[in-house]
Number of protein chains: 2
Amino acid sequence: MALDKIDRKILSLLQKDATMPVAEIGRKVGLSTTPCWRRIQKMEEDGVIQRRVAVLDPSKVNVGVTVFVSVKTNEHNEAWMRKFSGVIDEFPEVVEFYRMSGDVDYLMRVVVPDIHAYDTFYKRLISKINLTDVSSAFAMGQIKYTTALPLDFAIVVDDDK
Amino acid sequence: MALDKIDRKILSLLQKDATMPVAEIGRKVGLSTTPCWRRIQKMEEDGVIQRRVAVLDPSKVNVGVTVFVSVKTNEHNEAWMRKFSGVIDEFPEVVEFYRMSGDVDYLMRVVVPDIHAYDTFYKRLISKINLTDVSSAFAMGQIKYTTALPLDFAIVVDDDK
DNA sequence: ATGGTCGCGCAATTTTATTGCGCTGGATGG
DNA sequence: CCATCCAGCGCAATAAAATTGCGCGACCAT
């Protein structure tokens, strides 16, 4: 599952634009289309590339507001966590959800059209599951957002180039 | 820029899998390939669809750890914000960056291989810009992560269907 | 040196995207 | 009420891209 320099360059390109023809990717990484295509296939089979998706403009679909919701709980057990996860899965407004260390137990990112819609979301949420301590922080603006992961840490084999 | 039911269905599909052939999308939304294709084109022109990207598995590229970094500052002016943004742009580890209301001024999500790499990142960051108050919260696990935005809020025109 | 393997590139072949064109229903204005 | 217009659809042709089959040369371990 190790990646060499060419693989990483391919990934870097695909993370920016997944519509780029394989032939062009090949040209940019110094490879003909066939080997380039096979590398991409392999990375998809290996699960390095999970999927290809369309990224929408949040404002254009009326979810321009991001809220970070911190949750503290008394329930520190597997079963409760599963239930919580299940509930969250039902909410498409929750686009990210993390189990945290430290002060807060869970953190989620929620996208909504406005404050009022957040309130509606909030009420629906607490009606589905009992939460001890919830705290909401509103984002005034998104300065940076990327789906592209840094590739500088990826495991490499030989790669003297 | 309004979207009808079919548009939203198309977006929903493309948010999950952008490799799906237009013909198949058309079939699923009850349309032949041409009008379906044209709708997609229009949504790309309108910027509703921003781009299509490959989503990688964080663990597979060795950035399995997420850290949320909260920043408070004394510098509350446009110029400083621009500088900060510029600095952050240089760090591919920072995948999200928000200007916040309330307690914290800025919040960013950082992805790294491990705690040690985070420390390295942290040191590099504070060497680039002077930050008054920084607080790091480690995610123990990512329970949910999706690039798919909820479409239930999107503006609709007629759409009696 | 020799057999085996891996990764490459070329040249089909297949699949998908893209375009041109004509049809139809509903809305418009006289 | 009728003629006209326009938006959006589908079919069929064309162009572009993906996918596959095959042979070649480099490298490794015998």
Side-chain angles (χ1 to χ4, degrees), chain A residues 1-57 60-61 147-148 151 154-161, chain B residues 1-57 60-61 147-148 151 154-161:
Chain A
M1 197 205 67
L3 307 171
D4 67 6
K5 206 159 195 167
I6 292 181
D7 289 324
R8 281 184 299 174
K9 201 160 183 179
I10 292 173
L11 290 179
S12 169
L13 291 169
L14 287 179
Q15 282 196 120
K16 292 204 165 298
D17 177 11
T19 66
M20 190 180 294
V22 178
E24 188 179 342
I25 297 174
R27 194 167 46 65
K28 292 198 178 188
V29 303
L31 227 50
S32 77
T33 103
T34 303
C36 186
W37 183 82
R38 292 202 175 119
R39 280 165 179 263
I40 294 171
Q41 290 307 305
K42 182 166 189 316
M43 292 192 284
E44 286 181 343
E45 282 165 20
D46 292 349
V48 175
I49 297 174
Q50 279 184 329
R51 55 213 325 218
R52 291 149 184 259
V53 303
V55 176
L56 310 189
D57 181 327
K60 298 279 174 68
V61 294
T147 54
L151 298 173
I155 311 294
V156 182
V157 252
D158 59 336
D159 214 27
D160 35 16
K161 300 113 187 193
Chain B
M1 197 204 67
L3 307 170
D4 67 7
K5 207 159 195 167
I6 293 181
D7 288 324
R8 282 185 297 174
K9 201 161 184 179
I10 291 173
L11 290 178
S12 169
L13 291 169
L14 286 179
Q15 282 197 119
K16 291 201 165 300
D17 177 12
T19 67
M20 190 180 297
V22 178
E24 187 178 343
I25 297 174
R27 195 167 46 64
K28 293 199 180 189
V29 304
L31 227 51
S32 77
T33 103
T34 303
C36 186
W37 183 83
R38 290 201 178 123
R39 278 164 180 265
I40 294 170
Q41 289 307 307
K42 181 165 191 319
M43 291 192 284
E44 287 181 343
E45 283 166 19
D46 292 349
V48 176
I49 297 175
Q50 278 186 329
R51 55 210 327 217
R52 291 149 184 258
V53 302
V55 176
L56 310 187
D57 181 327
K60 298 278 174 66
V61 294
T147 53
L151 299 173
I155 311 294
V156 181
V157 249
D158 60 337
D159 215 25
D160 36 16
K161 300 111 189 192

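Order of the sequence lines sets the chain letters (A, B, ...), proteins ahead of strands, with each chain counted from 1. Just so it is clear, the structure is predicted and the values come from calculations on it, not from any experiment.
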Would you call B/Asp7 and B/Lys42 a side-chain contact if the rule is heavy atoms closer than 4.5 Å?
no
Quick one: A/Ile10 CD1 to C/dG7 P, roughly how many Å, whole number?
13 Å
Looking only at heavy atoms, what is the nearest atom pair of B/Ala54 and A/Ala18, with distance?
N-CB, 3.7 Å
With the threshold set at under 4.0 Å for non-hydrogen atoms, list the residues of residues 33-42 of chain B touching DNA chain C in residue-number order.
B/Thr33, B/Thr34, B/Trp37, B/Arg38, B/Gln41
In this structure, which one of A/Val61, A/Leu56, A/Val53 forms a side-chain contact (heavy atoms from CB on, under 4.5 Å) with B/Gln15?
A/Leu56
Would you say A/Ile40 and A/Ile25 make side-chain contact, with heavy atoms under 4.5 Å?
yes
Please state how far atom CD1 in B/Ile6 lies from atom C1' in D/dG10, giving the value in whole angstrom units.
14 Å
For atom CZ of A/Arg27 and atom P of C/dG9, their distance in whole Å
14 Å
Flag side-chain contact, heavy atom, 4.5 Å: B/Glu24 against B/Arg27:
yes
For the residue pair B/Arg39 and B/Leu31, establish whether any side-chain heavy-atom pair is separated by less than 4.5 Å.
yes
Kindly state which residues belonging to residues 18-25 of chain A come within less than 4.0 angstrom of DNA chain C, counting heavy atoms of the residue only, listed by number.
none
How long is the gap from CZ on B/Arg8 to CG on B/Leu3, to the nearest 0.5 Å?
7.5 Å
Taking every heavy atom of A/Ser12 against every heavy atom of A/Leu151, the minimum-distance pair comes out as N-CD1, 3.6 Å
Would you mind reading off the distance between B/Leu31 atom CG and D/dA7 atom P, rounded to a whole angstrom?
17 Å
Can you measure A/Asp7 atom CG to C/dC6 atom C1' for me and round it to whole angstrom units?
14 Å
